[in-house]
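Throughout, a chain's letter reflects where its sequence line sits, starting with A, and its residues are numbered from 1.
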Amino acid sequence: MIEALAPHQLSAAELRGLTHPQTDPALLVRLRRGEVSKHKLLLELVRRRVRRERPTSAAAHLEEALSSLNDVADGRVGAWCAGALAALDAGDPVNVGDLLHGRAPARLRSSADDLALEVTLDAGDPCLERLGLTAEPLDVALWQRELDAAWRLLVTRHRRMAEGISVTVDRIVPLAARPGGATSGWAFGTVGIGLPVSRAEPSRLAESLVHEHRHLVLSAIMDQVPLTRAPAARRYPSPWRREPRPIDGVLQGCFAHLAVAAFWRGGRDTAAFEGAYADTAAATATLAASGALTEAGQVIVEEARRLLDSWS
Amino acid sequence: MDSPLLDVAASLLTDLAELDDAALESALTHVLTPLDGNAMRLWQQDPPA
C-alpha cells in the first residue's frame, strides 16, 4: 500500500562508507534502489503534468509509452524525465518517443578474475546527448579491446573499486573529446568517456571509469540528502578549473579526485598521485571553510580529509 | 538521516497514482532542486586532464 511507504535513509556511517573510494558494493546497490524510486516518482510527476497541461491525446500517448517501458532503472529514464519537465516548464512539446529505446546499441563485456563489467556502448541516445558530442564513427571492436585492458588493470590492482563500478556503471557514451568525461545526476549508471589519445595506456581509461563513477555516486547521494546550502550564485575556488565554481562543483571534484588519488596511490606514476592528492586536499580545505555544507556534507568532507591524512 | 525520497522501488508505476500531489512533490524535494538553480548535478563535463 502506498500509505505504508518508508523514506530512503542514509546514516552518517553509510555516508562515510560511500565517501571511501573502496565503497562496499552493497551500499551502491542501495543507492541504485533510490534512483529507481526517483525515476518512478519523476515519471508520475510528468504523467500528472501532461494530463493537466496537455491535450488528452498527448496524455494517452504517454500512457501507451509508459506501459511499454521495460526498464525503469535505466538512467536514460531519469534523463528523459528531466527533459520532459523542462519542456513542460517552457511550453514545448514533450517528446514521448524518446522515452522508448527503439534502437539496439552495442554491448560490451569485459571480465577478469571472475568479475565482469557489462555495459551498452551508446552513441545515439537523444536523452543523453547533453553529455557531449559523441565519437563518430563508433569503433566497437576498439572500445572492447580498450575496455578489456582497463578492466583487467582495475580488477587486478583495485578490485573493490572495480566491484563498485560493476554494480553501478551500465552504459558508456563514447565522447568525441579525448580525453573526455561527463556524467549527469539525471542518468545514474551512464558515463560519458572519450578514449585517451594515447592508446595502449589502459590506466587512463581505468582512471576515467573510476572518476566518472564517483560523480554518479555523489549525485545519487544528493538525490537523497542535501550536502550543500550555498546560494546558487555563490562561487568558490576550484583546483580543477580556472574559474570559480558553485559549491556543488567543488564537492563533485573533491569526491571524484579522492578516488583518482586512491587509484594512483602506490603505483609507479607518483606525479599523478601527488597531483590528485594535493588538489583534493585543497578542495577539502575550501569546502570545510565555506560554511556552505550541511551536516551530511560535513560528514563527507571530514571523511575525505581523514582518508587523505591516512595516505600522507 | 531520513530522506524525503520515498522508497517506491518495488511499487508499480500505476500504484503511484494513489500519492497526493503534495506527497509526490515532497518526495522529490532534493531531486528537483537543481531545476531551479544549481545546474551542477544536471550535466557535468570534466575539463581535459
Enter the distance from B:D7:CG to A:K40:NZ here, rounded to the nearest 0.5 Å. 9.5 Å
For B:A9 against A:S37, the heavy-atom pair lying closest together: N-OG, 3.2 Å
Crowding at CD, A:E64 (>12 non-hydrogen neighbours, <6.0 Å): no
Sort A:L43 into side chain, backbone, both or neither according to what part of it lies under 4.5 angstrom from a heavy atom of chain B. side chain
Calculate, to the nearest 0.5 Å, the distance between atoms CD and CG belonging to A:Q224 and B:L5 respectively. 5.5 Å
Partner chain B: residue of A:L41, A:L45, A:V36 with the largest heavy-atom pair count (under 4.5 Å): A:L41
Which portion of A:R33 sits near chain B, non-hydrogen atoms under 4.5 angstrom: both
Could you tell me which portion of B:A23 (side chain, backbone, both or neither) has an atom closer than 4.5 angstrom to a non-hydrogen atom of chain A? neither
Looking only at A:R48, A:R32, A:E295, the option with the highest number of non-hydrogen pairs under 4.5 Å against chain B is A:R48
Go through the atoms of A:A6 and report whether side chain, backbone, both or neither lie under 4.5 Å from a heavy atom of chain B. backbone
Rounded to the nearest 0.5 Å, how far does OG1 of B:T14 lie from CZ of A:R47? 7.0 Å
Pair B:D21 + A:R52, salt bridge at N-O below 4.0 Å: yes
Would you check if A:D223 and B:L28 make a side-chain contact, meaning some heavy-atom pair closer than 4.5 Å? no
Distance col, row A:K38:NZ vs B:H30:NE2, nearest 0.5 angstrom, shows 13.0 Å
Proximal component of B:L13, with respect to chain A [non-hydrogen, under 4.5 Å]: both
Donor-acceptor check, side chain of B:S3 to backbone of A:V225, threshold 3.5 angstrom: yes or no? no
Spacing of A:L5 atom CG and B:E18 atom CD [to the nearest 0.5 Å]: 9.0 Å
A:L42 side chain near B:L32 side chain, heavy-atom distance below 4.5 Å: yes
With a 4.5 angstrom heavy-atom cut-off, could you sort out which part of B:L24 is near chain A: side chain, backbone, both or neither? side chain
